Amino acid sequence: MLIKKPSDIKSSEITPKEIYLHRRKFLLGVTGWTATVALGLMASRSVSAAGNGDSRAKLEGMRKSPLSTDEPLNSYKQITTYNNFYELGTEKDSPARNAKYLVTRPWTVAVEGEVKRPKVYDIDAFMKLSPPEERIYRLRCVEAWSMVIPWVGFPLSALIKQAEPTSNAKYVEFTTLYDPKRMPGQRRAVLDWPYVEGLRMDEAMHPLTILAVGLYGEILPAQNGAPLRLVVPWKYGFKSIKSIVRIRFVAKQPLTAWVKSASHEYGFYSNVNPEVDHPRWSQARERRIGELFKRKTLMFNGYADQVANLYQGMDLKINF
Ligand SMILES: Nc1nc2c(c(=O)[nH]1)N[C@H]1C(S)=C(S)[C@@H](COP(=O)(O)O)O[C@H]1N2
Ligand SMILES: [Mo]
């Protein structure tokens with residue numbers, strides 16, 4: 001059986017981390033490449049489950065990634081109940097409470113713009129584009145807290161290679177679903193909906209940049225951006241846009257939702273940088289969710305060795 005129902009599995013919030021890690025090693029070691037198939041089957045099975053808001057469909061066979069951090073993980077409960085997802089409400093616990101509204105089937109992802117092979121994918125086909133990996137990344141929110149999250153996903157570069165961008169493509173623009181029925185937070189003008197984010201092409205192609213479809217070995221819960229979200233670990237969390245319906249290749253730097261709403265506070269790059277404060281608070285330190293004392297924030301969220309070269313010659317105080 002590739003798919004386990006919730007009743008067959010111990011939920012990771014009650015599984016001690018050591019056991020989870022052990023089980024993970026086992027799964028990663030044994031099953032290997034059946035993952036793509038598992039994902040596809042899982043995705044079709046989850047059609048009904050996705051609607052009732054409590055699906056815990058298991059993904060198996062993920063490959064382990066050398067790009068993962070070995071820091072202690074935040075718990076499944078922390079990761080799924082302390083969220084920023086304004087389309088599902090602005091309190092930290094509202095995305096989990098409103099998750100039931102975000103029905104994720106049917107769902108399509110349009111890949112378009114400056115590409116030789118534009119395509120509208122059904123989400124289940126999209127998830128089979130590339131074998132999923134487990135990627136344990138730090139996530140640093142601009143609000144000066146952080147978590148360590150075991151994502152499941154594949155490099156954005158795999159999609160980009162399939163789409164074959166033209167030489168005009170300099171940036172990638174991502175757009176979240178606009179549907180106030182499924183995203184009740186969009187009934188209030190908190191942001192100019194839909195949420196839009198963007199990356200420069202070299203950032204999008206970087207091996208650390210992934211499209212996530214799961215976490216803790218299970219399909220992504222709605223509150224974490226189901227069915228598909230971006231994860232860019234060296235940037236503030238808001239760059240990691242959730243519930244994507246469109247990926248567009250463009251010549252000009254996209255006008256992102258946060259730059260549009262407050263360009264003096266949020267820049268296009270938004271690289272984690274302890275030396276550049278937010279106008280209203282310091283970015284020098286952060287609170288790891290679950291810990292008592294603050295820790296120092298690291299340049300590029302600790303990924304400087306891998307990404308600093310992308311910004312050589314740029315003034316990161318101007319390009320914040
Ligand atoms: N569409 C959309 N994507 C979003 C957000 C949002 O409000 N809407 N919040 C961002 C912010 S501020 C953070 S910190 C991360 C949080 O991701 P998580 O809830 O999975 O930890 O999602 C980001 N992606
Ligand atoms: Mo954030």
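In each ligand, atom 1 is the first atom listed, and ligand 1 is the first ligand listed. Please read all numbers here as calculations on a predicted model, not as lab measurements.
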Salt bridge (Lys or Arg N to Asp or Glu O under 4.0 Å): which pairs involve residues 301-320, sequence neighbours left out?
none
For residues Glu87 and Asn98, is any side-chain donor paired with an opposing acceptor at under 3.5 Å?
no
Validation row, ring centre Tyr216 to ring centre Trp151 under 6.0 Å:
no
Near ligand 1, which protein residues have a heavy atom under 4.0 Å away?
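Residues near ligand 1: Asn83, Asn84, Phe85, Tyr86, Glu87, Cys141, Trp151, Thr176, Tyr195, Asn224, Arg229, Gly237, Phe238, Ser240, Ile241, Lys242.
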What I'd like to find out is whether the side chain of Glu133 reaches to under 4.5 Å of the side chain of Val152, using heavy atoms alone.
no
Contact check, side chains of Val276 and Gln283, non-hydrogen atoms, under 4.5 Å
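In short, these two side chains do not touch, never coming nearer than 4.5 Å.
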Parallel, tilted or perpendicular: rings of Tyr311 and Phe300 (30°, 60°)
parallel
